[in-house]
Amino acid sequence: MTQFEEVSKQSSLHPKPVGLVLQYGTAGFRTNAKHLDHVMFRMGLLATLRSKKTEATIAVMVTASHNPEEDNGVKLIDPMGEMVALTWEGYATQLANAEQDDLLTALKDVIKKEAINMSQEATVFVGKDTRSSSASLAQAVLDGVSALGGHSKDYGLVTTPQLHYMVRCQNTQGKYGEATVEGYYNKLCQAFIQLTKNASNCTDDQKHLSVDGANGIGALKVREMESHLKKELHLSLFNDGSEGKLNHQCGADFVKVQQKPPTGMKMNPGERCCSFDGDADRIIYYFTDSDGKFHLLDGDKIATLISTFLKELLKQAHLDLKIAVVQTAYANGSSTHYLENTMKVIVRCTKTGVKHLHHAAQDYDIGVYFESNGHGTVLFSGEAEEKIQQLAENASTDDETKRAALLLQNTINIINQTVGDAISDMLLIEAILAIKGMTVQQWDTIYSDLPNRQLKVKVSDRRMIDTADAERRAVSPAGLQEAIDTLVKKHRQARSFVRPSGTEDIVRVYAEAETQESADALAHEVSLTVYRLAGGVGDEPKPLQ
Ligand code: 16G
Ligand code: MG
């Protein structure tokens with residue numbers, strides 16, 4: 001049987017529902033798990049082609065992140081652990097939407113366009129989250145890989161960032177680390193222990209952190225990692241999947257959007273807590289104070305903490321490296337103001353979606369990128385890593401410089417540079433707080449967030465809304481931006497923008513202002529404008545209570 005006959009035969013076992021159209025969105029395909037079997041098989045095929053093309057290992061992750069348990073999704077991971085290249089997102093959409101009889105034609109089209117040598121070997125890593133649909137969907141991916149004669153390695157249950165990490169390790173011949181989950185824990189935890197070993201300011205109380213695992217894969221992996229941390233960090237794990245439902249009233253997305261604690265978590269006043277999302281590539285910190293007030297430390301606060309720490313170390317090490325923070329339009333205005341005016345670091349704003357931030361962060365010696373929702377990491381250029389290493393190893397370096405260089409070196413090792421990683425970010429944040437002897441309350445007061453509100457508006461076709469300037473301005477429909485500008489002027493310290501969601505069939509509205517009442521009112525007024533100018537469906541948006 002030829003390769004293509006095999007694909008034909010196998011694909012009939014993963015038939016596409018006629019007429020179903022899906023799009024490879026911001027974070028891959030994502031929809032109800034019932035509609036995804038054929039997509040998974042075809043992503044197995046596509047990943048095999050991508051592996052042949054790049055002559056490297058590629059990975060496929062089965063997850064729908066913070067979406068409800070009934071949904072699932074899939075993302076492709078490129079050789080260095082980054083998101084798959086843009087042109088291949090297009091191929092993914094074409095392949096997923098080809099009707100059953102047209103699949104071979106669509107496949108051959110990719111092979112021709114990319115001039116793929118079909119006799120080249122291919123290897124695909126596969127991972128999945130804890131959703132009940134994930135096992136059979138991951139099997140469909142594996143079937144796709146074998147139909148095209150590719151090799152596969154099934155990592156089973158892993159977090160999304162762990163799979164990104166494995167690919168990078170594999171394709172750099174172990175230079176980045178060992179391509180096993182055990183290797184991942186060893187590298188990160190060793191770095192954590194090295195970073196915190198001289199943190200004399202740190203009391204036992206301060207070594208405690210409560211973690212909301214969103215009832216997902218992150219919870220399993222935190223459990224698995226705990227033994228590697230010895231006594232250096234005491235974790236209390238909640239929403240570990242033993243009772244509650246995945247992402248249901250818990251997890252990083254819930255906490256960030258609702259601005260309240262997750263259910264299922266025991267919180268004492270002042271205690272440091274964090275939430276992961278459903279595939280553990282986002283993290284959010286928070287605490288309640290003695291008056292019961294909830295304090296959220298989101299991606300912007302995390303970026304500020306990390307970049308302050310790095311900047312101090314660079315100064316102590318006398319290293320002249322260019323550091324920048326990359327944010328999106330969702331970044332709280334106070335964070336941008338603080339970073340630019342007090343910390344005096346370069347701040348860049350990109351469109352929403354990890355790939356955009358990641359890309360921009362690559363332009364600097366050190367690029368710290370975080371979305372407010374808690375997805376982020378730090379990228380070091382090859383040259384920056386080399387300079388830091390030389391300094392750490394140079395015998396004539398003086399004590400203070402050497403200490404700073406060693407801390408920088410271990411910071412590099414604790415970070416998963418492929419993508420945002422809740423586990424790695426958590427360890428880095430915990431290490432920084434320990435080294436600085438800083439409480440979560442002190443971290444929180446670095447700057448005060450402007451009150452803000454996010455709302456959704458349902459419209460008949462969200463593509464009617466087009467944006468420019470990193471999504472900060474709407475260029476269509478006509479009149480929308482002018483209307484927003486007029487509304488913003490009615491409030492103090494206000495800002496608002498709208499954008500079509502890349503993951504849901506809705507338009508998102510963001511507003512911030514001097515007071516919560518003002519932010520809520522502005523968000524509502526802008527929602528109404530979107531509803532009226534962009535073809536809202538259902539009831540008109542109501543004012544917030
Ligand atoms: C996805 C993106 C995230 C982005 C979010 C926006 C990745 C891995 N994740 O979760 O970066 O913030 O989508 O969703 O790229 P939205 O377009 O629905 O607002
Ligand atoms: Mg996620």
Side-chain angles (χ1 to χ4, degrees), residues 23-31 59 61-68 71-78 81-84 86 89 127-131 134 158-164 213-219 221 246-247 250-257 275-284 298-300 303 326-331 349-361 369-377 416 418-425 454-459 462-463 465 467 470-471 497-510:
Q23 187 168 3
Y24 196 98
T26 324
F29 293 103
R30 224 181 261 186
T31 186
M61 180 71 194
V62 176
T63 181
S65 184
H66 55 278
N67 284 41
D71 285 359
N72 218 322
V74 57
K75 325 187 210 196
L76 265 62
I77 304 168
D78 253 2
E82 331 89 315
M83 312 264 160
V84 77
L86 210 63
E89 289 191 358
K128 59 170 184 274
D129 72 10
T130 54
R131 289 177 158 78
S134 290
V158 280
T159 69
T160 298
Q162 283 178 333
L163 193 65
H164 282 255
N215 291 313
I217 184 68
K221 297 297 157 180
L246 177 69
N247 298 327
C250 62
D253 199 60
F254 174 85
V255 174
K256 168 72 183 164
V257 176
S275 284
F276 290 11
D277 76 333
D279 63 341
D281 64 355
R282 292 189 192 178
I283 188 168
I284 290 286
D298 62 4
D300 305 336
V326 184
Q327 308 184 309
T328 70
Y330 288 106
C349 183
T350 70
K351 284 165 72 170
T352 301
V354 173
K355 59 187 170 221
H356 303 295
L357 290 105
H358 192 93
H359 196 74
Y369 75 82
F370 266 89
E371 290 190 304
S372 308
N373 62 27
H375 186 116
T377 186
N416 182 350
T418 61
V419 78
D421 181 336
I423 289 181
S424 148
D425 290 339
Q454 287 190 48
L455 295 175
K456 308 177 185 186
V457 185
K458 209 153 173 42
V459 296
R462 70 191 199 275
R463 287 170 302 182
I465 303 229
T467 64
E471 302 177 325
F497 68 91
V498 303
R499 54 175 281 277
S501 159
T503 64
E504 280 183 76
D505 190 15
I506 47 139
V507 176
R508 294 200 195 280
V509 172
Y510 176 89

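Model, not experiment: these values are computed from the prediction. Counting starts at 1 for both ligands and their atoms, following the listed order.
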Discussion item. If I apply the N/O under 3.5 Å rule, does D281 come out as touching ligand 1?
Written reply: no
Worksheet item: Given E371, R30, H375, which has its nearest heavy atom closest to atom 3 (C) of ligand 1?
Response: E371
Discussion item. As a check for students: among T63, L357, V354, identify the option with a heavy atom nearest to atom 7 (C) of ligand 1.
Written reply: V354
Worksheet item: Between N215 and C250, is any pair of side-chain heavy atoms under 4.5 Å apart?
Response: yes
Item to complete: Apply side-chain contact (heavy atoms from CB on, under 4.5 Å) to the pair S501 and K456, showing each step before the final yes or no.
Response: CA-CA 9 Å; S501 159; K456 308 177 185 186; over 6 Å; no
Practice prompt. For R499, counting its heavy atoms only, list the atoms of ligand 1 lying under 4.0 Å from any of them.
Written response: 16 (P), 17 (O), 19 (O)
Item to complete: State the atom name: nearest N, O or S atom of D281 to the Mg ion (ligand 2).
Response: OD1
Fill in: Protein contact to atom 17 (O) of ligand 1 [nearest heavy atom, distance to 0.1 Å]
G502 N, 2.6 Å
Fill in: Close side-chain approach of K458 and D505, heavy atoms under 4.5 Å
yes
Discussion item. Below the 3.5 angstrom mark, is there an N/O of P500, backbone or side chain, next to an N/O of ligand 1?
Written reply: no
Discussion item. For atom 19 (O) of ligand 1, what's the nearest protein heavy-atom neighbour? Residue, atom name and distance, please.
Written reply: R508 NE, 2.6 Å
Worksheet item: For ligand 1, is K355 a contact, meaning one of its heavy atoms is under 4.0 Å away?
Response: no
Worksheet item: Should F497 and T467 count as side-chain neighbours, where that means a heavy-atom distance under 4.5 Å?
Response: no
Worksheet item: Got the closest protein heavy atom to atom 5 (C) of ligand 1, with its distance?
Response: R282 NH2, 4.0 Å
Worksheet item: With a cut-off of 2.8 Å, does S65 place any N/O/S atom under that distance from the Mg ion (ligand 2)?
Response: yes
Worksheet entry | Contact (N/O only, under 3.5 Å) between H66 and ligand 1 | no
Worksheet item: Could a heavy atom of S65 be found less than 4.0 Å from some atom of ligand 1?
Response: no
Response to the item:
For atom 9 (N) of ligand 1, the closest protein heavy atom turns out to be A27 CB, 3.7 Å
Worksheet entry | Backbone or side-chain N or O of T503 under 3.5 Å from ligand 1 N or O | yes
Worksheet, complete the sentence: Test side chain to side chain donor-acceptor pair (under 3.5 Å), reference Y330, set E371, R499, E471, Q454, output is R499
Worksheet item: salt bridge (charged side-chain N to carboxylate O under 4.0 Å, His left out) between D253 and R282: does it pass, once the steps are laid out?
Response: CA-CA 8 Å; D253 199 60; R282 292 189 192 178; 2.9 Å; yes
Worksheet item: Within a strict 4.5 Å, meaning less than it, do heavy atoms of the N72 and S134 side chains meet?
Response: yes
Worksheet item: Just wondering, do T503 and R508 contact through their side chains at under 4.5 Å, heavy atoms?
Response: yes
Discussion item. N373 versus ligand 1: do any nitrogen or oxygen atoms come within less than 3.5 Å of each other?
Written reply: yes
Practice prompt. Could you pull out the atom name of the N/O/S atom in D279 that is nearest the Mg ion (ligand 2)?
Written response: OD1
Worksheet item: For the atom pair NE2 (H375) and NE2 (H358), what is the distance rounded to the nearest 0.5 Å?
Response: 9.0 Å
Item to complete: Report the nearest protein non-hydrogen atom to atom 6 (C) of ligand 1: residue, atom name, distance rounded to 0.1 Å.
Response: T352 CG2, 3.6 Å
Worksheet item: By number and element, which atoms of ligand 1 are closer than 4.0 Å to a non-hydrogen atom of M83?
Response: 8 (C)
Worksheet item: Roughly how far apart are D281 CG and K75 NZ, rounded to 0.5 Å?
Response: 4.5 Å
